[in-house]
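I have placed the structure first, in the form of structure tokens, so that the comments after it can refer back to it.
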Amino acid sequence: MASKKSHDSARKSSLRPAQALRFRIDPTGELRAAVSASSGEFNLTPEIIELLCLLQKGSQPSELEGRLRTRFRKITEDLPDSREISALLQDLEDAQCLVRAGVQEAAHGLQDGFGDAWIQWAMLADAPRCQAYQKAIQDAVGANSHVLDVGAGSGLLSLYALESGAGKVDAIEETAVAKSLKQLRENLSEGLRKRLQIHNCNSFDARIPSTVTHVVSELFGNDPLQEGVVPTLRNIFARIDNKQAVGIPESCSIFVQLVDVVDGPLHSRLSRYAGKMAATEKQWSGAVEKIRNTLDFHDVSFAHMIRPGDVKKCAAAKKAFSIPLAPPPSDSTSRPAASFKIDIEQKIEAPALLIGFRAHLTHAMSISNIPGEKDACEHWSPLVVPLNRALTSKEIIQIKVSVGEHWERVTAIASDAQGKHLGARE
Ligand SMILES: C[S@@+](CC[C@H](N)C(=O)[O-])C[C@H]1O[C@@H](n2cnc3c(N)ncnc32)[C@H](O)[C@@H]1O
């Protein structure tokens, strides 16, 4: 618990925009900002942008109102006054968009997404995932190790590192779940407690200890890139002095597989999407067909649980590419891409492309979201890209897989031999 004195000195320390703050222009032209892939986005008005720019240039709260009035001379009546500016700064600080120099503790962790106990539990109850991480950490970590747990969540990987004898563990977690992480630390024996340090902030704004020997993390979503694993680990490795630091995971491979969805909750949805309506359905399906033609299905993909019996594999799973994670490629490295042709051998009534990943924790230990694989974990699902028509035997389809801008999304496009669009995740 921070003492009142340290809290007061934190309030006096200078405010600056978080290193983690990222901006994007949405399709309607609005400027949006977020601090992490798992937290929500918010709109930026010109006044907030100006406040952020002034803080970035070193202005501090007491000067902001005057500077804002000089900057927006012509519209002075609508500008926030000092009370409103304080409230805005507080909101931005609570959302971890603003941080205080030298302070490693956000006043509150981010409440959304991973701040939710049940989301953390879904990961803790995933036996294959936990066992694989425990083994990988046990094999790599020992008494001379200083482990950095990036995105520590409820503290699982930090505990595995301590159990493996790590001399020091630094756990970084940005959301409110850091509160239970602190409780976990309190519950440890004194010897272990001393070895665990908690940073409740975004990793871009955390101080990285100079003696780190191991970086452990699990920053994968159903789309393995959606939680920002590449930019986050790129930033961590760039700031680690020890260029020999070991990373768990080492890399992540992307797979695609063409399947016929023959059973399960997706079967009727996908077979009707591909054009198969039964004669008995004619009465109600006329209206459905009319509506279907007005809907924009160009870019449809979703994560869905697939039991091995729900699909018939129409071709072997193909590895598209592998992305190193210890360290990840720089932002200027060209993004990986792969292209495949698949010969269709038999009619496929409800075709879908499954996009899956396999994370290599070490060279000997992996986890995946690929249905039916030995290393498949329980809480992830593959991404499903439904194809918009049934495929006939002897036709050839083309699949292109790549990585989206900023390395935060896997993309895929399927087309037929005439170049006609079949489905996409863009
Ligand atoms: C998939 S969960 C894994 C949690 C835990 N390591 C485990 O294996 O059970 C990822 C966690 O990383 C946190 N996180 C993601 N990006 C982060 C960042 N850049 N800085 C700090 N925490 C981050 C999320 O809030 C979430 O709790």
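Atoms within each ligand, like the ligands themselves, are counted from 1 in listed order.
When only interatomic distances are considered, the shortest N/O to N/O separation between Glu227 and ligand 1 does not fall below 3.5 Å. Here's the thing with Ser154: none of its N/O atoms is less than 3.5 angstrom from an N/O atom of ligand 1. At least one N or O atom of Gln120, backbone or side chain, sits closer than 3.5 Å to an N or O atom of ligand 1. For ligand 1, the polar-atom distance check against Asp149 finds no nitrogen or oxygen pair separated by under 3.5 Å. For Met123, no nitrogen or oxygen atom sits less than 3.5 Å from a nitrogen or oxygen atom of ligand 1, counting backbone and side chain alike.
Residue-level proximity to ligand 1 for Val150 is absent, since no heavy atom of it falls below 4.0 angstrom. Heavy atoms of Thr232 found under 4.0 angstrom from ligand 1 belong exclusively to the side chain.
Which parts of ligand 1 touch Thr175 is read off a 4.0 Å heavy-atom cut-off, strictly below it: atoms 25 (O). Residue contact check: Ser203 has heavy atoms under 4.0 Å from atoms 18 (C), 19 (N), 20 (N), 21 (C) of ligand 1. When each atom of ligand 1 is checked for a heavy atom of Glu218 under 4.0 Å away, the hits are 1 (C), 2 (S), 3 (C), 8 (O), 10 (C). Here is the list of ligand 1 atoms found below 4.0 Å of a heavy atom in Asn202: 18 (C), 19 (N), 20 (N), 21 (C).
Formation of a donor-acceptor pair under 3.5 Å by the Gln120 side chain with backbone atoms of Phe114 is found in this model. Remark: side-chain polar atoms of Gln60 are not paired, donor with acceptor, to backbone N or O of Ser62 under 3.5 angstrom.
For the residue pair His199 and Asp170, a side-chain donor N or O sits within less than 3.5 Å of a side-chain acceptor on the partner. Side-chain contact of Asp375 with Ser368: a donor-acceptor pair under 3.5 Å is present, judged by distance alone.
Of the inter-residue distances, the one linking Leu162 atom CG with Ile137 atom CD1 reads 10.0 Å to the nearest 0.5 angstrom. In this structure, the separation between OG on Ser381 and CD1 on Ile370 is 13.0 Å, given to the nearest 0.5 Å. Interatomic distance, Glu349 CD to Asp260 CG, rounded to the nearest 0.5 Å: 7.0 Å.
Ligand 1 has at least one atom lying under 4.0 Å from a heavy atom of Ala152. For the pair Cys201 and ligand 1, a heavy-atom separation below 4.0 Å is found.
Comparing Gly151, Gly153, Pro231 against atom 6 (N) of ligand 1, the shortest heavy-atom distance belongs to Gly151. Here atom 22 (N) of ligand 1 lies nearest to Glu174 when heavy atoms of Arg129, Glu174, Gln19 are compared.
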### Task
Using the side chain to side chain contact (heavy atoms under 4.5 Å, CB included) rule, take Tyr133 and Asp126 through it: C-alpha gap first, then chi angles, then the decisive distance, then the call.
CA-CA 11 Å; Tyr133 265 101; Asp126 185 337; over 6 Å; no

### Task
Walk me through it: do Arg24 and Glu405 pass the test salt bridge (charged side-chain N to carboxylate O under 4.0 Å, His left out)?
CA-CA 11 Å; Arg24 125 188 130 84; Glu405 223 185 330; over 6 Å; no

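Aromatic ring orientation, Trp380 versus Phe357: perpendicular (interplanar angle above 60°, classes split at 30° and 60°).
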